[in-house]
Amino acid sequence: MEFDFDRVFAVRDAVAAGTSRSRLRRRDLRAEFHGSRVPASAGNDLRTRCFALQAVLDGRHAFTGVTAARLWGMPLPRRFEAASDLQVASVSPTRAIRHAGVTASVRPAWWEVVDLQGLRVHAPVEAWASLARVLSPPDLIAAAEYLVSPARRGVPALVPREDLRAWVARAAGMTGSRALRAADARVRVGARSRPETLLRLLLEDCELPRARINEDVVLRTGRVVAPDLAWPQYRVAVEYDGDYHRDRRQFTRDLVRTDELTDEGWSVVHVVAAQLFGRPSEIAARVIGRLAARGAPTRSVTRFAVYEP
């Protein structure tokens with residue numbers, strides 16, 4: 001039977017099937033990693049590169065770190081999108097692999113590895129934990145909240161909140177465990193994006209009353225809305241307007257929701273990326289002012305966290 005060249009494959013498998021070395025050098029194939037081939041027509045996306053590397057690995061290795069986080073869809077700062085090396089972990093006591101284009105590490109045997117659409121990847125919590133030494137504390141929290149918060153109603157979270165807490169407790173004494181414990185202590189369920197988490201952390205650092213996250217507010221009309229952050233007792237809400245809010249239909253829904261909340265006595269603060277990642281003091285001043293005007297306890301703040309886009 002003729003060998004299938006329209007998929008990612010290991011050179012050793014093709015040779016074993018009778019493929020000549022000259023055939024492997026044709027232009028319809030690309031050598032993404034030494035020992036594997038990719039159809040030239042295939043893209044250079046992360047999954048394709050992972051399959052090309054996995055073709056030359058064995059069952060003692062799994063994708064971890066930033067590579068695993070991206071495969072799981074965890075929100076990361078923009079700079080990680082350009083990461084060229086793939087991060088691979090060997091199961092202890094196996095030594096870390098040595099391969100061009102790979103950042104290697106060794107992880108405990110008890111770290112769970114799963115099959116993610118054909119790729120051997122650290123399970124979500126393990127993938128998150130492997131980020132402890134590369135992410136800032138706020139971004140480590142944002143990645144965790146992505147795991148424990150349902151993406152939408154009726155859809156379970158990737159990881160139950162109690163499972164994350166139990167994993168962190170089990171990892172006591174491990175490298176990075178202090179950062180994981182600190183992050184876990186501030187994780188809350190409900191955020192639907194990295195900016196929402198960062199915005200909440202910014203306001204929490206201002207020592208404001210605890211906000212509710214994407215919780216339902218029932219209007220007099222019977223309609224239900226869920227502001228990103230809300231203080232119902234003071235009728236103050238904060239909304240993060242990301243890029244998807246530029247969609248005409250979403251923009252219209254946002255306007256209607258703000259008008260409805262305003263009609264019922266709410267004060268709504270809208271925040272955009274340029275403020276969150278460039279002028280956090282503006283956000284703090286506006287929210288503190290709105291809450292203070294409604295009788296909430298507030299204090300003057302002069303130092304703010306700086307988040308990377």
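What you see below is based on every heavy atom in this structure, not just the backbone, and it leaves out hydrogens, waters and symmetry mates. Throughout, residue positions are numbered sequentially from 1 according to the sequence presented.
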Give a yes or no on whether the backbone of W72 and the side-chain of Y146 come within a donor-acceptor separation of less than 3.5 Å.
yes
Could you tell me if the side chain of V189 sits less than 4.5 Å from the side chain of I213, heavy atoms only?
no
Is a side-chain donor-acceptor pair under 3.5 Å present for W266 with E260?
no
Euclidean distance, Q87 CD relative to L53 CG, rounded to 0.5 Å:
12.0 Å
Backbone N or O of V272 within a donor-acceptor pair of the Q275 side chain at under 3.5 Å?
yes
Which label fits H99 and F33: parallel for a plane angle under 30°, tilted from 30 to 60°, or perpendicular past 60°?
perpendicular
Rounded distance (nearest 0.5 Å) linking atom CG of L140 with atom CD of E145:
10.5 Å
Measuring from atom CZ of R153 to atom CG of N214, what distance do you get when rounded to the nearest 0.5 angstrom?
8.5 Å
Sidechain-backbone polar pair: R49 side chain, S84 backbone, donor-acceptor under 3.5 Å
yes
Salt-bridged, R223 to E264, with N to O below 4.0 Å?
no
Do T103 and L86 come close enough that some side-chain heavy atom pair is under 4.5 Å?
no
Taking a hydrophobic cluster as the set of Ile, Leu, Val, Met, Phe, Trp and Tyr residues connected by side-chain heavy atoms closer than 4.5 Å, whether directly or through intermediates, do V306 and L201 fall within one such cluster?
no
Donor-acceptor check, side chain of R294 to backbone of R235, threshold 3.5 angstrom: yes or no?
yes
Do the rings of W111 and H122 sit parallel, tilted or perpendicular, given the 30° and 60° boundaries?
perpendicular
Considering all heavy atoms of both residues, which atom of R7 and which atom of F9 are nearest to each other, and what is their separation?
O-CD2, 3.2 Å
Common cluster, V56/V91, ILVMFWY with side-chain heavy-atom separation under 4.5 Å:
no
Please report the shortest heavy-atom distance between S149 and A191, naming the atom on each side.
CB-O, 3.3 Å
Using atom types as modelled and distance alone, determine if a side-chain donor or acceptor of S130 lies under 3.5 Å from a backbone N or O of G65.
yes
When V271, V268, L229, L199 are each screened for side chain to side chain contact (heavy atoms under 4.5 Å, CB included) with E239, the one that passes is V268
CZ of F304 to CZ of R279, rounded to nearest 0.5 Å, is 13.5 Å
Evaluate whether atom CZ of R178 has more than 12 neighbouring non-hydrogen atoms of other residues, nucleotides or ligands under 6.0 angstrom away.
no
Counting N and O atoms only, with roles assigned by atom type, does the side chain of T258 sit under 3.5 Å from a partner on the main chain of L255, one being a donor and the other an acceptor?
no
Can you confirm whether E308 sits close enough to R78 that some side-chain heavy atom of one is under 4.5 Å from a side-chain heavy atom of the other?
no
Test of understanding: clusters of I, L, V, M, F, W, Y form through side-chain heavy atoms closer than 4.5 Å, transitively. Do L208 and L198 belong to the same one?
yes
With the side chain counted from C-beta on, respond yes when D163 and V125 share a heavy-atom pair under 4.5 Å apart, and no when they do not.
no
Any sub-3.5 Å donor-acceptor pair from R133's side-chain atoms to G176's backbone N or O?
no
Y234 backbone acceptor or donor facing R290 side chain under 3.5 Å
no
Rounded to the nearest 0.5 Å, the CG atom of D13 sits from the CG atom of D4 at a distance of 12.0 Å
Which heavy atom of W231 sits nearest to which heavy atom of P209, and what is that distance?
NE1-O, 2.7 Å
Could you pull out the closest heavy-atom pair between A31 and R37, with the gap in Å?
CB-NH1, 3.7 Å
Under 3.5 Å: donor-acceptor pair, side chain of R95, backbone of S90
no
Should the heavy atoms of other residues, nucleotides or ligands under 6.0 Å from CZ of R299 be counted, would the total exceed 12?
yes
Can you find a heavy atom in the side chain of P77 that is under 4.5 Å from one in the side chain of Y307?
no
Regarding R107 and E126, does a basic nitrogen lie under 4.0 Å from an acidic carboxylate oxygen?
no
Decide, yes or no, whether a salt bridge links D45 with R70 under the criterion of side-chain N to carboxylate O below 4.0 Å.
no
Side-chain contact test, heavy atoms from C-beta onward, threshold under 4.5 Å: evaluate it for R47 versus Q117 and give yes or no.
yes
With the 4.5 Å side-chain cut-off for hydrophobic clustering, are L135 and V121 part of the same group?
yes
Is any side-chain heavy atom of T48 closer than 4.5 Å to one of R30?
yes
Apply the side chain to side chain contact (heavy atoms under 4.5 Å, CB included) test between V102 and each candidate in T67, I97, L57; give the one that qualifies.
I97
Could you check whether D184 pairs with R161 (Lys NZ or Arg NE/NH1/NH2 to Asp/Glu carboxylate O, under 4.0 Å)?
yes
Step-by-step salt bridge (Lys or Arg N to Asp or Glu O under 4.0 Å) determination, R60 to D58:
CA-CA 6 Å; R60 296 171 297 174; D58 58 36; 2.7 Å; yes
Hydrophobic clustering (ILVMFWY, side-chain heavy atoms < 4.5 Å, transitive) - are L76 and V159 grouped together?
yes
Atom of V11, atom of S36 and distance for their closest heavy-atom approach
CG2-N, 3.9 Å
What heavy-atom pair brings D263 and R220 nearest, and what distance separates the two atoms?
O-NH2, 3.6 Å
Using modelled atom types only, decide if a donor and an acceptor are shared between the side chain of T197 and the backbone of A142 within a distance under 3.5 Å.
no
A cation-pi test, strictly: NZ or CZ of R23 under 6.0 Å from the centre of the six-membered ring of F5 and no more than 45 degrees from its axis. Yes or no?
yes
Spacing of L116 atom CG and F63 atom CZ [to the nearest 0.5 Å]:
10.5 Å
Is there side-chain contact between V15 and R21, with at least one heavy-atom pair below 4.5 Å?
yes
Given E32 and V8, is the side chain to side chain contact (heavy atoms under 4.5 Å, CB included) satisfied, shown in steps?
CA-CA 10 Å; E32 192 71 47; V8 177; over 6 Å; no
